[in-house]
Amino acid sequence: MRWALAVLGAAALVVAQTPAIHWERLSSKTGALPVPGESHQQTGALIAKVDPKGGTDFILSFRQVAPALVWYRRQGAAWSRYAIENEFLPVEAGGAAYDIDGDGDLDIVFGGDYKSDTLWWWENPAPHFAPNVSWKRHTIKTGGARQHHDQIFADVKGTGRPQLIFWNQGAKTLYLAEIPKDPRAAEAWQLEVVFSGKAGEAVEKAAEYAEGLDAVDVDGDGRVDLLAGNYWFRYSGGKFHPTRIAPIGGRIRAGRFVKGKYAQVVIAPGDGSGPLRFYEAKGDPSVESSWVGRDLLDREMVHGHTLDLGDIDGDGNLDIFAAEMAKWTAGPNAADNPAATAWILYGDGRGGFRRTVLVTGDGWHEGKLADLNGDGRLDILNKPYTCDTPRVDIWLNRPAKP
């Protein structure tokens with residue numbers, strides 16, 4: 001195994017390189033990427049193919065100061081920064097992308113934070129992109145309770161067209177909204193309650209709200225299911241049927257780490273501390289007692305606000321990427337968690353994992369896996385919340401050097 005010591009800004013980072021992968025880090029701190037903006041509170045990160053003729057890009061959201069949303073557009077071997085929302089909005093973590101207006105390109109959804117009762121969508125202007133011109137903004141929800149942390153589009157009702165599902169933390173409610181027939185003219189979307197109440201947020205040091213969303217066919221019946229907090233929701237007979245998978249919730253993802261009919265579930269704490277845990281149904285997955293969990297780390301995660309799944313090393317087996325925040329408080333004070341760690345757990349296809357450390361001493365928030373340079377290998381996107389911000393990093397997955 002090859003080890004390297006990297007220095008970025010004022011932070012000393014220990015970076016581990018695996019035998020099969022050489023991680024090449026690009027950062028706005030070194031000039032390899034454009035600086036996101038002036039906000040020191042960076043909230044959301046969304047992977048999306050914004051330009052239908054382009055590659056896979058990403059969008060970052062901010063609160064504190066304008067701009068509220070920026071798009072990093074890959075052009076050749078470099079990324080350019082484009083505005084989506086030049087004005088100030090108190091945008092929360094999360095974000096989702098779907099062709100809402102049916103014109104062939106992906107539109108964008110983000111919600112307001114604890115100060116806002118609004119959820120918005122932005123109309124993609126493709127092919128007429130201008131670096132400093134905001135996209136047209138529309139309203140999905142306004143009024144009622146505040147804070148909208150996490151959104152997803154998925155056809156969880158089996159209608160043939162995805163619905164928007166989102167958390168409204170102030171209402172302690174998970175909502176579903178059908179896309180209106182004329183979304184550009186709609187002043188608000190009609191909302192349906194999927195779930196209301198606690199969803200695993202009662203964890204030591206955790207924030208007092210539920211979070212986390214995913215959409216996967218958990219039981220192998222060919223229909224996409226919804227996962228949120230610490231629940232799996234199946235839709236049948238015109239309503240959602242919840243099954244509690246775990247005692248805690250947070251960041252939640254599901255996939256088939258083991259060959260078979262049922263998917264497995266991974267849960268990490270989001271805005272709080274708790275275990276990174278792997279859950280597998282040993283019987284009927286609709287029965288709560290069938291779900292058995294085991295810890296994947298030898299300690300709890302501290303504000304583990306990064307969890308994603310993908311085949312990182314290209315061996316055909318699903319892997320896990322999980323990372324911790326280094327700083328979640330405001331102001332110029334030192335890191336809250338100076339030993340923050342990012343892990344890659346390489347799956348063996350049988351439910352086993354080889355645990356590795358990507359980096360320690362760095363801050364992560366909403367980290368995502370995606371092929372960001374179009375070479376067929378999964379890279380990593382990171383933008384910390386308040387640690388050494390404004391900042392954005394890309395970790396390119398390169399073949400190991402001989």
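Predicted, not measured: the structure shown is a model, and the values here were computed from it. Residues: numbered from 1 along the sequence shown.
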Asks: Do Phe233 and Leu174 have side chains that get closer than 4.5 Å, going by heavy atoms?
Replies: yes
Asks: Please enumerate all residues that pass ring-ring contact (aromatic ring centres under 6.0 Å, His included) together with Tyr82, with sequence neighbours excluded.
Replies: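 So Tyr82 forms a ring-ring contact (aromatic ring centres under 6.0 Å, His included) with Trp71.
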Asks: Does any pair with a residue in residues 104-116 pass side-chain hydrogen bond (donor to acceptor under 3.5 Å, both in side chains), and if so which ones, sequence neighbours excluded?
Replies: Arg63-Asp113
Asks: Between Phe257 and Asp319, is a side-chain contact (heavy atoms from CB on, under 4.5 Å) present by the stated rule, with each step listed?
Replies: CA-CA 8 Å; Phe257 293 88; Asp319 307 315; over 6 Å; no
Asks: Evaluate Glu324 against Trp343 for side-chain contact (heavy atoms from CB on, under 4.5 Å), listing each step before the verdict.
Replies: CA-CA 9 Å; Glu324 299 175 311; Trp343 296 270; 3.7 Å; yes
Asks: Find the distance between CG (Asn317) and CZ (Arg354) and round it off to the nearest 0.5 Å.
Replies: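 Rounded to the nearest 0.5 Å, the CG-CZ separation comes out at 11.5 Å.
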Asks: What pairs of donor and acceptor atoms, side-chain ones from residues 125-135 against any protein atom, are under 3.5 angstrom apart with sequence neighbours left out?
Replies:
| unit_1 | atom_1 | unit_2 | atom_2 | d |
| --- | --- | --- | --- | --- |
| Ser134 | OG | Asn86 | N | 2.8 |

Asks: So, using side-chain hydrogen bond (donor to acceptor under 3.5 Å, both in side chains) as the criterion, who are the partners of Ser236 when residues are at least two apart?
Replies: His241
Asks: What's the spacing between Met301 CE and Ser273 OG if we round to 0.5 Å?
Replies: 9.5 Å
Asks: Is Lys383 salt-bridged to Asp393, going by a charged N under 4.0 Å from an acidic O?
Replies: no
Asks: Please determine if Asp51 and Lys49 form a salt bridge, counting it only when a charged side-chain N lies under 4.0 Å from a carboxylate O.
Replies: no
Asks: State which residues pass salt bridge (charged side-chain N to carboxylate O under 4.0 Å, His left out) with Arg81; sequence neighbours excluded, sorted by chain then number.
Replies: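 With sequence neighbours excluded, Arg81 shows a salt bridge (charged side-chain N to carboxylate O under 4.0 Å, His left out) to no residue whatsoever.
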Asks: Regarding Arg234 and Asp225, does a basic nitrogen lie under 4.0 Å from an acidic carboxylate oxygen?
Replies: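 The answer is no: the pair does not qualify as a salt bridge.
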Asks: Out of curiosity, Leu276 CG to Leu296 CG, how far, rounded to the nearest 0.5 Å?
Replies: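 Those atoms lie 4.5 Å apart.
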Asks: What do you reckon, is CD of Gln75 surrounded by more than 12 foreign heavy atoms closer than 6.0 Å?
Replies: yes
Asks: Just do the side-chain contact (heavy atoms from CB on, under 4.5 Å) check on Ile312 and Ile344 with the steps written out, would you?
Replies: CA-CA 9 Å; Ile312 297 172; Ile344 300 175; 3.7 Å; yes
Asks: Quick one: list whatever passes side-chain contact (heavy atoms from CB on, under 4.5 Å) with Pro390, sequence neighbours left out.
Replies: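 Scan of Pro390 (side-chain contact (heavy atoms from CB on, under 4.5 Å), adjacent residues dropped) gives Val35, Pro36, His40, Gln42.
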Asks: So which heavy atom on Ala171 is nearest to which on Ala145, and how close?
Replies: N-CB, 3.3 Å
Asks: Is a side-chain N or O of Lys141 found less than 3.5 angstrom from the main chain of Gly143, in a donor-acceptor match?
Replies: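 Yes, because the side chain of Lys141 sits within donor-acceptor range (under 3.5 Å) of the backbone of Gly143.
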Asks: Centres of the Tyr346 and Phe353 rings: under 6.0 Å?
Replies: no
Asks: Would you say the side chains of Ser286 and Thr243 form a donor-acceptor pair under 3.5 Å?
Replies: no
Asks: May I ask you to test the Trp395-Asp379 pair for a side-chain heavy-atom distance under 4.5 Å?
Replies: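 No. Closest side-chain heavy atoms not under 4.5 Å.
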Asks: Side-chain contact, heavy-atom cut-off 4.5 Å: Gln41 with Tyr385?
Replies: yes
Asks: Run the side-chain hydrogen bond (donor to acceptor under 3.5 Å, both in side chains) test against Asn124 and tell me which residues pass, sequence neighbours left out.
Replies: none
Asks: Under the salt bridge (Lys or Arg N to Asp or Glu O under 4.0 Å) rule, what pairs show up with a residue in residues 273-291, not counting sequence neighbours?
Replies: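 Qualifying pairs, neighbours excluded: Arg244-Glu288, Arg277-Asp295, Glu280-Lys282.
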Asks: Indicate yes or no: does Lys239 engage Glu192 in a salt bridge with an N to O separation below 4.0 Å.
Replies: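 Between Glu192 and Lys239 there is no salt bridge, as every charged N stays at least 4.0 Å from the carboxylate O atoms.
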Asks: Measure up the Trp189 and Trp121 rings against each other and bin them: parallel (under 30°), tilted (30 to 60°), perpendicular (over 60°).
Replies: tilted
Asks: State which residues pass side-chain hydrogen bond (donor to acceptor under 3.5 Å, both in side chains) with Gln163; sequence neighbours excluded, sorted by chain then number.
Replies: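 For Gln163 the side-chain hydrogen bond (donor to acceptor under 3.5 Å, both in side chains) partners, ignoring immediate neighbours, are Asp155, Thr159.
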Asks: Using the side chain to side chain contact (heavy atoms under 4.5 Å, CB included) rule, pick out the option among Asp308, Thr306, Asp311 that qualifies with Leu369.
Replies: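 Of the listed options, the one satisfying the test is Asp308.
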Asks: Is the side chain of Asp99 donor-acceptor paired with the backbone N or O of Gly104 at a distance under 3.5 Å, no angle test?
Replies: yes
Asks: Identify whether the distance between the nearest side-chain nitrogen and carboxylate oxygen of Asp221 and Arg223 falls below 4.0 Å.
Replies: no
Asks: Give the C-alpha distance, both sets of side-chain angles, the deciding distance and a yes or no for salt bridge (charged side-chain N to carboxylate O under 4.0 Å, His left out) between Asp57 and Arg74.
Replies: CA-CA 6 Å; Asp57 298 319; Arg74 184 166 62 87; 5.0 Å; no
Asks: Nearest 0.5 angstrom please: Trp364 CH2 to Asn382 CG, how far?
Replies: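 So the CH2 of Trp364 and the CG of Asn382 are separated by 4.5 Å.
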Asks: State the OH-CG distance between Tyr262 and Asp217, to the nearest 0.5 angstrom.
Replies: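 Tyr262 atom OH to Asp217 atom CG measures 11.0 Å (nearest 0.5 Å).
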Asks: Hey, could you give me each pair passing side-chain hydrogen bond (donor to acceptor under 3.5 Å, both in side chains) that has a residue in residues 167-176? Not counting sequence neighbours.
Replies: Thr173-Ser196
Asks: Scan residues 121-140 for pairs that pass salt bridge (Lys or Arg N to Asp or Glu O under 4.0 Å), counting only residues two or more places apart or in two chains.
Replies: Glu85-Arg137, Glu123-Arg184
Asks: Start with the C-alpha distance between Phe195 and Phe240, add both sets of side-chain angles, then the distance that settles ring-ring contact (aromatic ring centres under 6.0 Å, His included), and finish with yes or no.
Replies: CA-CA 8 Å; Phe195 174 85; Phe240 288 93; over 10 Å; no
Asks: Would you say Arg253's side chain and Gly212's backbone share a donor-acceptor pair under 3.5 angstrom?
Replies: no
Asks: Applying side-chain contact (heavy atoms from CB on, under 4.5 Å), name anything that partners Thr329, two or more places apart in sequence or on another chain.
Replies: Lys327, Asn333, Asp336
Asks: Take Phe153 and Ile100 through the test side-chain contact (heavy atoms from CB on, under 4.5 Å) and record every step on the way to the result.
Replies: CA-CA 10 Å; Phe153 280 99; Ile100 292 171; 4.0 Å; yes
Asks: Would you say Asp271 and Tyr209 are linked by a side-chain donor-acceptor pair, where the criterion is simply a distance under 3.5 Å?
Replies: yes
Asks: Do Thr139 and Thr118 touch side chain to side chain, with heavy atoms closer than 4.5 Å?
Replies: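 SC-SC contact between Thr139 and Thr118 confirmed.
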Asks: Is any side-chain heavy atom of Leu191 closer than 4.5 Å to one of Leu176?
Replies: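 Not in contact.
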Asks: Rounded to the nearest 0.5 Å, how far does CD of Glu366 lie from CG of Leu60?
Replies: 10.5 Å
Asks: With no hydrogens and no angle check, is any side-chain donor or acceptor of Thr56 less than 3.5 Å from a backbone partner on Leu372?
Replies: no
Asks: Check whether any side-chain heavy atom of Asn230 lies under 4.5 Å from a side-chain heavy atom of Ile245, and answer yes or no.
Replies: no
Asks: Strictly below 4.0 Å, N to O, side chains only: are Arg377 and Asp371 in salt-bridge contact?
Replies: no
Asks: Taking side chain as C-beta onward, heavy atoms only, is Val50 less than 4.5 Å from Leu106?
Replies: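 No; the side chains remain at least 4.5 Å from each other.
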Asks: Would you say that Gln264 contacts Val258 through its side chain, given a criterion of any heavy-atom pair below 4.5 Å between the two side chains?
Replies: yes
Asks: Just checking, is any N or O donor in the side chain of Glu92 or Gln147 under 3.5 Å from an acceptor N or O on the other one?
Replies: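 The criterion, which ignores hydrogens and geometry beyond distance, is satisfied for Gln147 and Glu92.
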